[in-house]
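One structure is given here, and the rest of the page talks about it.
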Amino acid sequence: MGGMAEDSILEIFNRHVKRNGVFKNRDALSPHYIPSNLPYREEQVKELSETVAPILSGRKPENVFIYGKTGTGKTVVTRYVLKRLGEFAKEREIPVNTVYINCRIHNTRSSVFIKIGRELLPDDNFLGLSTAYIYERILGKVREADIRLMVVLDEIDKLKGISETVYALNRANDELEKGSISIIGISNVLTLKDSLDPRTKSTLCQREMIFPPYNAEGLRKILEDRAKEGFREGAVSDGAIALAAAYAARQSGDARYALQLLLRAGDIAEEEGASAVTEEHVEKAKERVEEDIILEMIEALPEQEQILLLAMAKLVLAKKGQKTLGSGEVVITSGEAYEAYSKLARELGKDPVSDRWFREYISELAMYGILNVVQAGKGFRGNTRIIKLLFSPVKIADVLQRVLVA
DNA sequence: CATCCACGGGAAACCTTGGGCG
DNA sequence: CGCCCAAGGTTTCCCGTGGATG
């Protein structure tokens with residue numbers, strides 16, 4: 001740690017002090033930000049508002065199931081409408097409560113109930129209590145204060161025991177003389193509906209909404225709006241926005257991707273000390289965003305496949321410089337990979353799967369585009385194939401080390 | 001040609017889940 | 001409520017096949 005490191009640290013810190021970067025409010029580009037208007041989703045906003053509005057006159061709104069691909073605005077429209085509903089109700093002192101639950105985090109019935117309980121009764125501690133008890137406490141509160149509750153279950157496909165949860169929440173309405181509970185379920189898994197049992201399906205899907213993907217024009221409008229909020233005046237070129245919109249349109253109209261692209265482009269522009277975001281920045285951001293997505297995906301992979309990938313990454317790093325093939329790329333045969341994998345699995349205290357199943361994993365990962373598998377050809381015995389990681393082994397190892405140790 | 005590495009289909013074994021029944 | 005069994009899904013086991021070597 002000599003002068004060099006010191007200098008580069010100073011440089012980083014300085015960059016963050018002198019706030020003449022491209023961003024004005026970086027959060028406006030984040031997927032969690034709720035903008036003040038939602039272009040190209042006016043229809044959906046209207047329909048959802050109509051659906052929840054009866055709550056204001058004391059009637060229980062129908063349950064809604066919202067379906068659409070990632071980045072089609074499901075979550076943001078829901079949060080937007082409920083936020084406005086909450087504000088409206090508060091002004092008029094109507095007892096409306098909304099609870100937003102992301103089922104990827106709260107993925108069991110009890111953790112959903114705990115989350116609702118915390119929202120309604122912030123002073124109580126629900127940990128360690130039975131689900132039935134929490135349920136009764138919630139019901140008691142709803143009844144006592146005549147609360148009209150809206151529960152949003154986002155990424156509901158990730159919830160274990162959808163039926164039980166939906167059924168329990170809905171059944172509450174039969175037991176309540178005052179107050180009500182309505183459900184909004186959100187998912188990007190189209191087949192989810194078919195996998196539900198008929199009773200759950202008819203309960204949850206009293207009303208259905210489908211969110212279509214944005215077209216390039218819509219994406220451009222979204223980016224323009226957000227750029228106005230997020231960037232300084234003139235710190236982002238029209239060309240950059242158009243390019244980001246075009247890439248995202250190709251990614252099946254994913255607005256989250258578009259925003260991520262612009263956000264990363266902004267980061268890169270700042271790193272380079274540029275005064276404005278250009279098309280080149282967007283171009284460079286594309287790689288980074290794709291990497292972000294892959295890393296996110298890797299984090300969500302089944303444990304065994306993560307172990308496999310970590311073993312592969314470590315193997316690549318260990319072999320760097322040795323055994324190379326022409327181009328200087330590291331070569332790994334499936335035999336070696338399996339050995340490394342089973343060793344690592346045992347180190348982590350897990351039973352390795354058979355080599356047969358291992359091969360299934362390999363082809364699955366190849367399908368996702370994380371790995372690449374090719375016939376080895378001459379120089380190797382028989383039908384040997386070589387496996388390549390398509391992403392930086394350092395980053396893969398980084399992410400997985402963290403995930404697997406915890 | 002025998003041997004080796006590895007692939008991938010299919011049967012068998014094992015595990016999970018949910019419904020029926022005492 | 002607990003037990004058991006059927007159905008389904010997952011994983012292993014077994015094996016024939018193909019390609020490259022010596």
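Below, read A as the first sequence line, B as the second, and so on, with proteins coming before strands; counting in each chain starts at 1.
- Of the options A:Leu365, A:Leu310, A:Ile370, a side-chain contact (heavy atoms from CB on, under 4.5 Å) to A:Glu305 is made by A:Leu365 and by none of the others.
- The span of DNA chain B lying next to chain A, judged by atoms under 4.0 Å from heavy atoms, is bounded 5' to 3' by B:dT3 to B:dG9.
- By the 6.0 Å and 45° rule, A:Arg226 does not stack over the aromatic ring of A:Tyr33.
- Closest of all the heavy-atom pairs between A:Thr203 and A:Asn63 is O-ND2, 3.1 Å.
- Between A:Ser182 and A:Pro61, the closest side-chain pair of non-hydrogen atoms falls below 4.5 Å.
- Between A:Asp292 and A:Arg288 there is no salt bridge, since no side-chain nitrogen of the basic residue lies less than 4.0 Å from a carboxylate oxygen of the acidic one.
- Taking the centre and axis of the six-membered ring of A:Phe23, the NZ or CZ atom of A:Arg26 falls inside the cone set by 45° and 6.0 Å.
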| message | For a quick check, with a 4.0 angstrom heavy-atom cut-off, what is the B/S/- contact string for nucleotides 8-16 of chain C, read 5' to 3'? | response | ---BBB---
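- Using a 4.5 Å cut-off on side-chain heavy atoms (C-beta onward), A:Arg41 and A:Thr72 make contact.
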